Amino acid sequence: MLLARAGYRVLMVERAAFPRDTLSTLYIHQPGVAALARWGVLPEVVGTGAPALDNVRFTHGDIRLDGCSWAAEGQRAAYAPRRHLLDPILARAAVAAGVEFRENCPVSDLVFEDDRVVGVRLGAGGQGAVERAALVVGADGMRSTVAAKAGVPAVVEDPTLTCAYYSYWSGLEPGFRLFETPGHWVGTVPTNDGATLVAGYLPQDQFHSVRGDALNALLANVEKTAPELREEMAGGARLERVHGTGDQRNYFRQATGPGWVLIGDAGHHKDSITARGITDGFYQAQLLADCIGDGLHEPGRLAAALEAFAAQRLEALEPEYRATLKTARLAPPAHHLDLLRTIAGNAELTDRYFSTLSGVCPIDEFVTPELLDLMEETEMKGLTA
């Protein structure tokens, strides 16, 4: 969409057909919502009936935070539309911008001239037509065909930490809620038609036992982590089968090479526990289009643009990647719990904390001298007591 709006001829191929659903926690943080607004598609997303999520409640034992991220470009609410609604909206916007869109059209191989990618071969079995392009953008997910065919290495890689399972319930209290106990994590995400996604996270080493009875594992996780939510679920109704995965890889792949670039999960994936995938994908799309500018057909400028994209992607996303890995270990250190206790009664600090989770407040700007003073004061009170 963005490249077509810049005046380029764009072919977008999709191996499946719309509308369809996909494995996703749905949540779009405020910077992602700001991107939708900037691109002119937010009204259609809101029109699906997905509720505005302008409050977050986080519970860990006796610690409870209630607040909301700061606004991003004027957008204070998050949204979590079902993917079978969101994805066609984005595809239609691309087509309206001039993109040629082919569904049921998988990429089977890349076409090379020497070491440069100059196009793709379409269709299953490697017998389809060849389409040539100045740039092949692989936005094809964690199991990216473009990455595999180009032999793209990981430049950052960490072990898988959690397995995640979710389904949808009706009759739950509205609201975006997060619950944590050591070894367990649960979240609720309101979405379309009065449904709420309920997701549970467990350590990766439990995957093989969990996958055989995912529903009961999810229910047991909720009972352990958020018993009040389990009561709500018992009074509601499950709307779908349980979805989930133990394959939550953590990596940055090399972002680009001669004639190709990776964005979204194809280039960078992390545990879904912080629900950053869609928002980060939008960020990368905008960054790539901005870096390319009007230089797509000038080889030297394009090479420099892709190098800039790679460097800025890593610089922007690695801090939250590291923060996500800490959360996905499901073992918050004592000093982190002390921090949460300190800010729990302070609305301004609570919103600031949630702003780091959304990406509006850079992580390295969260801890201020005032916060350190408050933590020291809280610790002294505890020692005196």
Side-chain angles (χ1 to χ4, degrees), residues 22-27 56-65 141-143 154 156-169 176-189 196-230 233 238 240-252 265 268-278 280 317-341 353 356-357 363:
T22 189
L23 195 69
S24 175
T25 53
L26 307 182
Y27 196 78
V56 186
R57 180 185 300 167
F58 173 80
T59 303
H60 182 108
D62 63 340
I63 304 169
R64 175 167 290 188
L65 306 181
M142 188 172 68
R143 299 171 185 83
V156 175
E157 191 168 17
D158 289 274
T160 302
L161 294 171
T162 75
C163 54
Y165 286 88
Y166 67 87
S167 188
Y168 298 89
W169 266 262
F176 178 43
R177 294 178 284 172
L178 305 171
F179 305 86
E180 183 181 29
T181 61
H184 303 264
W185 179 282
V186 168
T188 69
V189 185
T196 297
L197 181 150
V198 179
Y201 289 77
L202 291 165
Q204 171 66 25
D205 60 15
Q206 298 184 27
F207 171 60
H208 291 292
S209 61
V210 168
R211 67 185 301 189
D213 191 5
L215 174 59
N216 283 323
L218 174 59
L219 295 176
N221 190 3
V222 176
E223 179 70 38
K224 169 75 174 179
T225 313
E228 67 272 35
L229 172 61
R230 182 68 185 91
M233 294 164 66
R238 180 165 58 93
E240 294 187 15
R241 68 178 181 86
V242 175
H243 310 269
T245 182
D247 189 14
Q248 298 214 91
R249 304 177 208 173
N250 300 299
Y251 61 78
F252 285 86
D265 289 351
H268 165 53
H269 189 274
K270 56 185 170 293
D271 197 290
S272 65
I273 198 166
T274 51
R276 290 299 307 239
I278 299 174
D280 288 353
L317 299 184
E318 189 170 25
E320 69 182 45
Y321 172 76
R322 294 298 170 194
T324 294
L325 296 187
K326 290 180 181 178
T327 301
R329 292 187 180 98
L330 302 177
H335 69 83
H336 183 71
L337 298 181
D338 290 341
L339 169 68
L340 295 178
R341 287 192 179 90
Y353 175 74
T356 67
L357 302 185
I363 292 172

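Side chains included, hydrogens not; waters and symmetry mates left out as well; all remaining heavy atoms used. Source: prediction; values computed, not measured.
The distance from atom CG of L325 to atom OG1 of T160, rounded to the nearest 0.5 Å, is 10.0 Å. Going from atom NE2 of H269 over to atom CG of D247 covers 8.0 Å, rounded to the nearest 0.5 Å. In this structure, H336 NE2 and H60 NE2 are separated by 8.5 Å, a value rounded to the nearest 0.5 Å. Expressed to the nearest 0.5 Å, how far OH of Y165 lies from CG of N216 amounts to 13.0 Å. Atom CZ in R276 sits 8.5 Å away from atom NE2 in H268 (nearest 0.5 Å).
Residues V189 and T25 are not in side-chain contact: their nearest non-hydrogen atoms beyond the backbone lie 4.5 Å or more apart. By the 4.5 Å heavy-atom criterion applied to side chains, H184 and F179 are not counted as neighbours. In this structure, the side chains of R211 and C163 stay at 4.5 Å or more apart for every pair of heavy atoms.
Taking all atoms of both residues into account, the shortest heavy-atom contact from P203 to G183 is CD-O, 3.3 Å. Between L330 and Y201, the closest heavy-atom pair is CD1-O, 4.1 Å. Smallest separation of non-hydrogen atoms from Y168 and S24: OH-O, 4.5 Å. The nearest pair of heavy atoms linking G187 to L178 is CA-CD2, 4.2 Å. A217 and V210 make their closest contact through CB-CG1, 3.6 Å (heavy atoms, listed as atom of the first residue, atom of the second, distance). Of all the heavy atoms in A323 and I363, the pair that sits closest is CB-CD1, 3.6 Å.
The one candidate from Q248, Q204, Q206, R329 that meets the side chain to side chain donor-acceptor pair (under 3.5 Å) condition with T162 is Q248. A side chain to side chain donor-acceptor pair (under 3.5 Å) with D158 is found for one member of R249, K270, R322 and no other, namely R322. In summary, of the residues considered (N221, T59, L218), a side chain to side chain contact (heavy atoms under 4.5 Å, CB included) with V186 occurs for N221 alone.
In summary, E228 and R57 do not engage in a salt bridge, as defined by a charged side-chain N under 4.0 Å from a carboxylate O. Salt bridge present: D62 and R341 bring a charged side-chain N and a carboxylate O closer than 4.0 Å.
Ring orientation note: the planes of F252 and Y321 are nearly perpendicular, at an angle over 60° on the 30°/60° scale. Taking the six-membered ring for Trp and thresholds of 30 and 60 degrees, F58 and W185 have ring planes inclined between 30 and 60 degrees apart.
T188 contributes a side-chain N or O that, together with a main-chain N or O of R177, makes up a donor-acceptor pair within less than 3.5 Å. In this structure a side-chain-to-backbone donor-acceptor pair under 3.5 Å is missing from Y166 to L23.
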Residues D271, T327; criterion side chain to side chain contact (heavy atoms under 4.5 Å, CB included); working and verdict:
CA-CA 9 Å; D271 197 290; T327 301; over 6 Å; no
Working note: L219 + V222, criterion side chain to side chain contact (heavy atoms under 4.5 Å, CB included); need CA distance, chi angles, decisive distance, verdict.
CA-CA 5 Å; L219 295 176; V222 176; 5.7 Å; no
Walk me through it: do Y353 and L340 pass the test side chain to side chain contact (heavy atoms under 4.5 Å, CB included)?
CA-CA 9 Å; Y353 175 74; L340 295 178; 3.6 Å; yes
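With no hydrogens or angles considered, a side-chain donor-acceptor pair links T274 and T324 at under 3.5 Å.
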